[in-house]
Amino acid sequence: MTTRKFLLLAASLPLFLTACSTLGIDSDPNYSDKDHEKLYKNGSLVSDSGGLDLFGGDKKKNSDGFGVGVNGFLWRAALDTISFMPIASADPFGGVIITDWYSAPETPDERTKLNVFIRDRDLRADGVKVSVFRQMKGSAGDWNDATVAPATSGALENAILTRARQIRMAQKQAQ
């Protein structure tokens with residue numbers, strides 16, 4: 001019964017708040033619109049730059065047109081490069097792409113999984129890291145971990161970097 005009353009109160013609260021203007025409750029006459037504009041300069045009470053920036057100060061933000069915490073070119077290039085694999089999880093704000101297990105039609109007894117980490121907002125050689133996992137099907141039908149050639153992750157990282165440069169060059173030529 002108490003939950004019902006709480007839900008009823010919560011649902012009716014917005015109605016009461018919107019009705020304040022019809023009750024004759026006015027804003028403070030000592031507070032003008034000009035003061036309001038000064039106080040909320042660029043949309044924030046905290047700073048003139050429009051918000052509280054704990055880590056970057058007034059540093060120039062990445063201008064690649066992609067509104068996330070990682071480099072947009074690397075992000076799109078990573079998705080393009082591994083597009084043949086099923087994506088299990090993708091976090092553009094953290095820069096993490098995790099694929100599901102993938103078996104190529106030519107090798108059904110082998111499967112591969114990738115973890116791609118975009119590490120920076122800048123397009124740099126060390127801005128992407130790929131972890132490769134490989135499993136082989138055992139005689140009993142169970143999957144067992146197998147070694148991955150050390151050059152595999154490096155080759156994937158290079159493919160992503162190359163694709164990122166291509167995307168960036170295409171965007172610059174389009175402007």
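Numbers for residues simply follow the sequence, beginning at 1.
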Would D122 and R124 count as a salt bridge (charged side-chain N to carboxylate O under 4.0 Å, His left out) if you check the C-alpha gap in whole Å, the side-chain angles of each, and the deciding distance to 0.1 Å?
CA-CA 6 Å; D122 297 324; R124 301 173 10 160; 5.1 Å; no
Working note: F133 + L114, criterion side chain to side chain contact (heavy atoms under 4.5 Å, CB included); need CA distance, chi angles, decisive distance, verdict.
CA-CA 6 Å; F133 304 95; L114 302 176; over 6 Å; no
Dump the intermediate steps for side chain to side chain contact (heavy atoms under 4.5 Å, CB included) on L74 and D120, then the final yes or no.
CA-CA 9 Å; L74 285 173; D120 204 344; 5.8 Å; no
Begin with the C-alpha distance, continue with both residues' side-chain angles, and end with the deciding distance and a verdict on side chain to side chain contact (heavy atoms under 4.5 Å, CB included) for V130 and N115.
CA-CA 6 Å; V130 178; N115 291 350; over 6 Å; no
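For the pair W75 and I97, the minimum side-chain heavy-atom distance is below 4.5 Å. Contact annotation: the side chain of I160 approaches that of V116 to within less than 4.5 Å [non-hydrogen atoms, C-beta and beyond]. Two residues are said to be in side-chain contact when any heavy atoms from C-beta on lie closer than 4.5 Å; W101 and P86 fail this criterion.
For residues 87-99, the set of pairs meeting the side chain to side chain donor-acceptor pair (under 3.5 Å) definition, not counting sequence neighbours, is empty. Annotation: salt bridge (Lys or Arg N to Asp or Glu O under 4.0 Å) contacts involving residues 95-109, sequence neighbours excluded, are absent. Screening residues 135-154 for side chain to side chain donor-acceptor pair (under 3.5 Å), with sequence neighbours left out, gives R111-Q135, Q135-D145. Residue pairs meeting the salt bridge (Lys or Arg N to Asp or Glu O under 4.0 Å) criterion with at least one partner in residues 162-175, sequence neighbours excluded, are D80-R163.
By the ring pair (Phe, Tyr, Trp, His ring centres under 6.0 Å) test, Y102 is found to be paired with F84, residues two or more places apart in sequence or in another chain being considered. Applying the side chain to side chain donor-acceptor pair (under 3.5 Å) criterion to R134, with sequence neighbours excluded, gives E110.
Heavy-atom minimum distance, P92 versus A90: CD-O, 3.6 Å. Residue P108 comes nearest to S103 through the heavy atom pair O-OG, 4.1 Å, listed as atom of the first residue, atom of the second, then distance. Residues L161 and A125 come closest through the heavy atom pair CD1-O, 3.5 Å.
A continuous path of hydrophobic side-chain contacts links L79 to V128 [ILVMFWY only; heavy atoms under 4.5 Å]. If you chain together hydrophobic residues whose side chains sit under 4.5 Å apart, V132 and I118 fall into the same group. Both V148 and M85 belong to a common hydrophobic cluster when Ile, Leu, Val, Met, Phe, Trp and Tyr are linked at side-chain heavy-atom distances under 4.5 angstrom.
From S131, atom OG reaches atom CD of E157 across 8.0 Å, with rounding to the nearest 0.5 Å.
The environment of CE in M136 is crowded: more than 12 heavy-atom neighbours from other residues, nucleotides or ligands sit within 6.0 Å.
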